[in-house]
Amino acid sequence: VCLICRLFFRFRCSDSTNFHNFTANRYRDALFLFLLLIDLSKAGILAQLALCGANQSEVTTNIARGMEVLGPALSLDTLVETLVIGVGTLSGVQRLEVLSFIAVMSALVNYIVFMTFYPACLSLILELTHKSHNRVQKFGGENLIRHVLLQEDSKPNPVAQRVKLIMSSGLFVVHVLSRFPISDKESDAAEQIIASQTHEHLAAMNKTDTSEFSELIMHWLTLSLEQIFTYILIITLGVKFVLFDRYQLSDHLIQSVAQEQAAAAAAAAAAAAALNEINQQNQRPPVTFTLSESVTLEEKATQSELILIGKSRFGRKVRKHTLVENNADGVQMLESSSEEDEELLDSEEEEVEREPRPLEECVQILQDEGNGKRLTDAEVEMIVRAGRGICPLYKIETIIGDAERGVRLRRSMVMKDAGRNPGTLKDLPYLNYDYSKVMNACCENVLGYVPIPVGYAGPLLLDGKRYFVPMATTEGALVASTNRGCKALSIRGVTSFVEDIGMTRAPCIRFPNVLLAAQAKRWMESADNFQRIKKAFDSTSRYARLQDLHIAIDGPVLYVRFRAFTGDAMGMNMLSKGTERALRDIQSVFPEMVIISLSGNFCSDKKPAAINWIKGRGKRVVCETIIPADKLESIFKTNARTLVQCNKLKNMTGSAVAGSIGGNNAHAANMVTAIYIATGQDPAQNVTSSNCSTNMETCGDTGEDLYITCTMPSLEVGTLGGGTGLPGQGACLDMLGVRGSHPTQPAENAKQLARIICATVMAGELSLLSALVTSDLVKSHMRHNRSSVAVNPNVQPPTPAALTPAKGGETNSSS
């Protein structure tokens with residue numbers, strides 16, 4: 001509008017002033033086109049939708065919905081008008097071209113104004129109107145305007161439509177006439193004129209041949225441009241009138257919004273009447289409420305849509321069109337919503353921040369609903385710090401019903417209590433983790449999780465099958481060294497034997513005197529009484545089966561070592577439950593017996609113990625293989641005699657001098673712990689599980705081949721329960737094909753895992769001893785674990801040439 005007016009007034013004084021070779025008077029003649037092209041029905045439709053809103057939120061929502069529905073249709077209208085009028089710019093009639101140009105510009109300006117400034121201005125005006133009147137007067141005035149507008153016919157003005165049709169037809173006729181070829185008489189006259197020209201103009205005519213040829217080409221190009229205009233116009237008209245009818249869409253939209261508002265008003269009236277009736281029955285004044293004290297009906301039904309506000313506040317998303325009251329009598333709906341309102345976008349919802357409610361009210365909400373989804377972070381923290389035992393910090397995930405939110409709140413509260421910056425734990429991740437598999441199973445007081453890199457060693461050829469063994473570790477060179485050992489073991493493959501010893505638990509029980517303790521010992525060792533104890537023990541589990549009792553006496557105290565099979569589970573919990581039940585049965589026979597401790601360290605769990613080395617615990621595994629002499633030289637750069645001598649003096653004599661129990665190995669704990677962490681075993685049980693005896697001998701026709709064995713009598717492993725149920729650890733077990741319980745042979749998966757661990761230990765033993773005898777240990781660790789990049793992050797990584805393996809060493813990729 002400003003552009004057109006500025007052009008008009010700028011050139012109003014001078015007829016000789018030109019703009020694009022046209023005079024200002026010609027622009028002035030085209031102003032009536034602008035008035036005819038302005039379609040006020042579109043503005044009226046949008047105004048009707050805006051006035052249907054009862055508050056500013058609904059006004060904004062209705063305007064957005066109107067623009068969403070009417071926008072494409074309005075775009076097509078503008079495109080059709082531009083194409084139809086734009087044909088006039090190709091007519092060749094200068095005056096008509098000027099008028100058509102101004103008309104096209106008017107249509108474009110009208111479209112831009114309507115799509116940008118008009119909705120914003122409409123929303124702003126209504127917002128100011130809402131704020132300047134009270135709620136009752138506003139509703140009354142809006143309902144009156146809405147009633148008047150909805151009763152009007154939304155069809156376009158027929159007079160304006162007729163004028164537009166006449167204008168379009170006139171433009172088309174003028175354009176067609178301007179393209180008609182000249183008459184025959186005029187053509188003959190032109191020929192005579194050309195024939196009467198003299199020969200002295202022949203040269204000039206030859207020079208103009210090229211110009212006429214160019215004009216002919218431009219003529220055909222002009223016709224092609226007209227064809228393009230025509231095709232675009234036909235396609236646009238087809239799309240507009242076949243697939244898109246603006247007025248039908250507008251009517252449907254207005255009717256739907258009106259029906260929604262009518263339904264909302266009826267529901268509000270019904271709810272208000274019901275509330276008044278309840279208040280009258282209770283003989284008390286009506287309950288008043290504010291938006292901050294209300295909660296949506298959808299929230300009450302689903303108890304969801306919690307949002308994070310900042311880093312420490314937990315807010316609620318509230319539907320603007322639905323309010324309910326939460327009081328002692330329950331939830332009273334004051335304004336209902338339709339199915340279409342349920343599909344509002346997140347941008348149509350508002351985040352409500354409020355001050356913490358009183359402690360008693362928050363506690364009541366928590367107890368009534370069974371979770372804290374309606375409580376903000378500040379309110380949950382207030383309940384936790386109240387110290388009433390309602391929501392202790394260690395159970396916050398269970399109480400509020402949201403594990404991830406509970407972990408976040410615990411992190412924040414712990415850092416406050418520790419006097420640390422809240423960002424201290426920013427590098428400790430906690431999001432996107434399945435805490436349902438952690439709670440009451442793997443960890444308590446959770447603050448997050450620590451990612452550990454997982455590598456693989458392999459392929460490892462074991463009992464005719466190839467395995468790629470996952471190893472979780474932060475020790476550089478460990479995976480590479482084990483991988484090199486797997487390469488040597490897989491030449492002829494590893495043969496293994498496994499025996500299920502069973503898990504043990506040894507309680508400490510005391511008697512009044514030694515005589516009674518000895519009598520109880522003999523009673524438990526008899527076959528009949530053992531069967532009685534076994535029956536009580538086995539009744540606690542489907543898989544735990546008691547095998548025997550090993551009893552040690554120390555004065556009036558007995559240490560009873562229960563040993564039982566536990567299937568594919570590691571079985572400590574099974575043993576504890578079964579042992580406790582068996583002790584109650586024994587106590588019924590010996591009432592004087594006192595249970596000092598369920599575990600008396602005679603088991604022995606997570607501690608070096610000769611009894612586990614001698615009698616075994618969990619699984620006993622033995623692996624063997626032969627390494628040819630040429631492979632020893634090519635892979636390890638050593639020979640069998642050197643390795644045998646090192647193993648004898650280091651693993652046997654050296655361990656004996658140190659008084660080691662079960663330590664006749666080089667570093668079995670390294671491989672055991674790495675696989676334990678990767679597969680969800682208890683890492684602390686590497687103490688007992690790392691008991692290993694590594695033996696090496698020369699063999700073969702020439703005595704140059706190496707025969708190596710590893711014996712591990714107390715591997716405590718399981719493929720079921722505990723950490724094996726976590727996602728990452730379960731994936732590593734799947735990688736080995738031993739996850740969960742074996743479908744037909746209980747304990748078979750756990751046995752297979754024990755075989756794999758023992759064979760991997762043997763690979764690591766062989767590689768480390770070879771590195772020791774060739775002085776490659778320090779070199780490999782400096783390359784993989786103590787590199788300049790790890791020590792000083794500012795140092796640039798070494799070039800590939802600098803990583804060339806030293807004598808006896810190979811990189812992980814070459815292995």
Side-chain angles (χ1 to χ4, degrees), residues 457-462 469 475 477-497 621-658 660 662-672 674 690-712 757-781 783-784 805-812 814-815:
L460 172 64
L461 184 59
L462 172 63
V469 185
E475 179 185 355
L478 175 60
V479 176
S481 176
T482 308
N483 195 57
R484 184 173 69 157
C486 290
K487 179 179 180 181
L489 296 185
S490 297
I491 295 172
R492 293 190 179 180
V494 180
T495 303
S496 66
F497 164 78
V621 193
V622 183
C623 290
E624 67 173 359
T625 191
I626 296 176
I627 312 297
D630 59 333
K631 298 302 180 182
L632 288 175
E633 177 62 31
S634 63
I635 297 175
F636 301 111
K637 305 301 186 291
T638 186
N639 56 72
R641 295 184 185 277
T642 303
L643 291 175
V644 170
Q645 182 184 29
C646 180
N647 182 72
K648 176 184 176 182
L649 297 180
K650 169 183 167 61
N651 290 344
M652 301 303 174
T653 306
S655 297
V657 171
S660 174
N664 298 334
N665 59 81
H667 68 145
N670 252 334
M671 285 67 70
V672 170
S690 297
N691 286 339
C692 176
S693 176
T694 301
N695 289 287
M696 292 184 178
E697 301 175 8
T698 59
C699 66
D701 296 337
T702 60
E704 297 297 330
D705 296 342
L706 177 68
Y707 173 72
I708 177 174
T709 66
C710 277
T711 303
M712 306 184 71
I757 294 174
C758 185
T760 306
V761 167
M762 189 162 65
E765 291 282 283
L766 178 60
S767 183
L768 177 58
L769 290 176
S770 300
L772 289 172
V773 298
T774 57
S775 300
D776 278 343
L777 178 63
V778 176
K779 296 178 183 178
S780 62
H781 274 268
R783 183 169 65 248
H784 292 283
K807 179 181 179 182
E810 295 189 19
T811 63
N812 189 19
S814 64
S815 300

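Considering CD of E704 and CG of N639, their distance stands at 6.5 Å, rounded to 0.5 Å. K631 NZ to S490 OG: the interatomic distance, rounded to the nearest 0.5 Å, is 12.0 Å. The SG atom of C710 lies 8.0 Å from the CE atom of M671; values are rounded to the nearest 0.5 Å. Rounded to the nearest 0.5 angstrom, L489 CG and L766 CG are separated by 6.0 Å.
Within the 4.5 Å cutoff, the side chain of T698 has heavy atoms near those of the R641 side chain. Taking 4.5 Å as the limit, every side-chain heavy atom of C623 sits out of range of all side-chain heavy atoms of T709. Within the 4.5 Å cutoff, the side chain of S496 has no heavy atoms near those of the V622 side chain. Put simply, the side chain of E624 does not reach to within 4.5 Å of the side chain of V494, judged on heavy atoms. Side-chain contact between V761 and C692 is present, with at least one heavy-atom pair separated by less than 4.5 Å. Residues T642 and T774 have side chains not in contact (no heavy-atom distance under 4.5 Å, counting atoms from C-beta outward). Using a 4.5 Å cut-off on side-chain heavy atoms (C-beta onward), L772 and K650 make contact.
Checking R492 against T625 by side-chain atom types alone, no donor-acceptor pair falls below 3.5 Å.
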T760 and T482: side chain to side chain contact (heavy atoms under 4.5 Å, CB included), yes or no, with the steps?
-> CA-CA 7 Å; T760 306; T482 308; 3.6 Å; yes
Worked check of side chain to side chain contact (heavy atoms under 4.5 Å, CB included) between T495 and L462 = CA-CA 6 Å; T495 303; L462 172 63; over 6 Å; no
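Considering all non-hydrogen atoms of both residues, T638 and S770 come closest at CG2-OG, 4.1 Å. Between H667 and E765, the shortest heavy-atom contact is N-OE2, 2.8 Å. Between N651 and L769 the shortest heavy-atom distance is ND2-CD1, 4.0 Å. L632 and I627 get closest at one heavy-atom pair: CD2-CG2, 3.4 Å. Taking each heavy atom of N695 and S693 in turn, the nearest pair found is ND2-OG, 3.5 Å. Closest non-hydrogen pair, F636 versus S767, comes out as CE2-CA, 4.0 Å.
Here the options are V672, N691, T694, the test is side chain to side chain contact (heavy atoms under 4.5 Å, CB included), and the partner is M712; only V672 passes. Only one option out of I626, L706, I708 pairs with C699 in a side chain to side chain contact (heavy atoms under 4.5 Å, CB included); it is I626.
Counting only distance, with no hydrogens or angles, the side chain of S655 and the backbone of N665 share no donor-acceptor pair below 3.5 Å.
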